[in-house]
Amino acid sequence: MFTNLSQGPSSKAARGMTLIEVIVALPIVLVALGMFLQMLTAGIGVRATSGETWAVSCAAQDVLERMRNTPFRELFRQYNADPMDDVGGAATGPGNVFAVGNMEPIDSDDDGFVGEVILPFANVGTQLAPIWHVREDHANEELGTPRDLNADSLVDAFDHSNNYSILPVLVRVRWQGRWGPRTFTLSTVLSEER
Ligand SMILES: [Ca+2]
Ligand SMILES: [Ca+2]
């Protein structure tokens with residue numbers, strides 16, 4: 001003879017306990033699920049951030065590579081902020097700013113481009129009528145200037161756009177990242193002996 005235990009009072013108690021267990025476990029499960037979703041979201045965020053950095057790094061290195069492939073004497077005219085003196089005619093040069101895909105510039109960015117090429121160039125004219133010079137006395141700690149740029153062992157306040165022999169350069173990208181403003185910078189010194 002077999003007894004159907006499922007119909008007994010102990011089975012009802014077991015079912016009751018199971019229900020209580022579920023009620024007790026539910027918040028724990030929900031918390032665990034929340035943590036899992038948080039980790040999943042963070043993981044996606046990390047991947048997106050890494051993707052941004054990779055794209056920006058490639059773009060900055062590409063700009064530096066193009067500068068290395070530009071005739072050294074033409075770097076000043078091609079990468080200053082004056083489109084009128086570009087070697088191939090007005091506004092044919094790359095200029096001092098560049099875009100990276102559809103990345104958004106940070107709010108305080110005046111020119112609307114995320115990328116910027118920074119060289120020891122100074123505007124000795126006005127905003128409306130700029131006159132760009134290569135200046136040894138251009139003060140920029142990141143560029144390492146003031147610095148002798150024409151190898152005469154002197155640092156002066158003259159225009160060296162026709163006789164510079166080295167050009168320190170920063171290629172900087174500032175963009176509105178997934179988690180806020182971000183900056184990536186490459187720096188090097190370009191010289192005639194490349
Ligand atoms: Ca130019
Ligand atoms: Ca000098």
Side-chain angles (χ1 to χ4, degrees), residues 52-101 103-177 180-194:
E52 286 176 1
T53 306
W54 173 254
V56 162
S57 159
C58 289
Q61 289 178 38
D62 187 48
V63 169
L64 266 188
E65 200 52 41
R66 275 185 277 132
M67 294 185 83
R68 289 193 179 99
N69 290 326
T70 299
F72 187 65
R73 305 308 319 168
E74 295 179 1
L75 283 170
F76 168 67
R77 290 168 63 187
Q78 292 293 76
Y79 286 92
N80 64 20
D82 179 7
M84 301 310 292
D85 70 353
D86 292 357
V87 173
T92 58
N96 67 321
V97 291
F98 60 94
V100 179
M103 286 187 178
E104 291 290 327
I106 61 174
D107 293 341
S108 59
D109 197 323
D110 293 332
D111 57 39
F113 286 90
V114 295
E116 184 180 13
V117 179
I118 302 164
L119 291 144
F121 300 165
N123 178 12
V124 298
T126 64
Q127 192 75 23
L128 291 176
I131 301 170
W132 289 94
H133 284 176
V134 175
R135 293 286 289 260
E136 297 181 328
D137 60 342
H138 178 84
N140 186 319
E141 192 175 340
E142 288 179 281
L143 276 179
T145 55
R147 178 172 181 169
D148 175 25
L149 301 177
N150 67 337
D152 67 353
S153 303
L154 300 172
V155 174
D156 56 46
F158 299 121
D159 176 24
H160 290 283
S161 54
N162 291 316
N163 69 350
Y164 58 84
S165 57
I166 61 166
L167 277 181
V169 55
L170 296 174
V171 178
R172 174 172 294 150
V173 182
R174 293 184 301 170
W175 75 101
Q176 194 62 45
R182 299 194 60 205
T183 300
F184 180 90
T185 304
L186 286 180
S187 66
T188 192
V189 177
L190 301 172
S191 65
E192 283 179 298
E193 300 83 28
R194 290 176 291 171

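Proximity of V134 to L167: side-chain heavy atoms (C-beta onward) are separated by under 4.5 Å at one or more points. F184 is listed as a side-chain neighbour of S57, based on a closest heavy-atom distance under 4.5 Å. Residues L143 and L170 meet the side-chain proximity criterion, which asks for heavy atoms closer than 4.5 Å. For the pair D148/E136, a side-chain contact is recorded, criterion being any heavy-atom separation below 4.5 Å from C-beta on. Counting heavy atoms from C-beta outward, R77 and D86 have side chains that stay 4.5 Å or more apart. N80 has its side chain out of reach of L119: every pair of non-hydrogen atoms, C-beta onward, lies at least 4.5 Å apart. The shortest distance between side-chain heavy atoms of L75 and Y164 falls below 4.5 Å. Within the 4.5 Å cutoff, side-chain heavy atoms of Q176 are placed close to those of P181.
The shortest heavy-atom contact between D85 and F76 is OD2-CE2, 4.2 Å. Taking each heavy atom of R147 and V155 in turn, the nearest pair found is C-CG2, 3.7 Å. Between S165 and F72, the shortest heavy-atom distance links the atoms O-CZ, 3.4 Å. Nearest heavy atoms, G177 versus E52: CA-OE1, 3.6 Å. Scanning both residues, G112 and P105, for their nearest heavy atoms gives O-CG, 3.5 Å. Contact record, P168 with L149: CD-CD2, 3.7 Å, taken as the closest heavy-atom pair.
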Requested in this report: Start with the C-alpha distance between T188 and V169, add both sets of side-chain angles, then the distance that settles side-chain contact (heavy atoms from CB on, under 4.5 Å), and finish with yes or no.
Outcome: CA-CA 6 Å; T188 192; V169 55; 3.5 Å; yes
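Counting only N and O atoms by type, the side chains of T53 and R182 include a donor and acceptor under 3.5 Å apart.
Interatomic distance, D159 CG to R135 CZ, rounded to the nearest 0.5 Å: 8.0 Å. To the nearest 0.5 Å, the span separating CH2 on W132 from CG on N123 amounts to 5.0 Å. Taking NE2 from H160 and CD1 from I166, the interatomic distance works out to 11.0 Å, rounded to the nearest 0.5 Å. Here CD of Q78 is found 10.0 Å from CE of M67. Values are rounded to the nearest 0.5 Å. To the nearest 0.5 Å, the span separating CG on L190 from OH on Y79 amounts to 9.5 Å. In this structure, the separation between CD on E104 and CG on D109 is 11.0 Å, given to the nearest 0.5 Å.
Salt-bridge annotation for R68 and E65: present, with a side-chain N of the basic residue lying under 4.0 Å from a carboxylate O of the acidic one.
For the pair R174 and F113, the cation-pi criterion (under 6.0 Å, within 45° of the ring axis) is not fulfilled.
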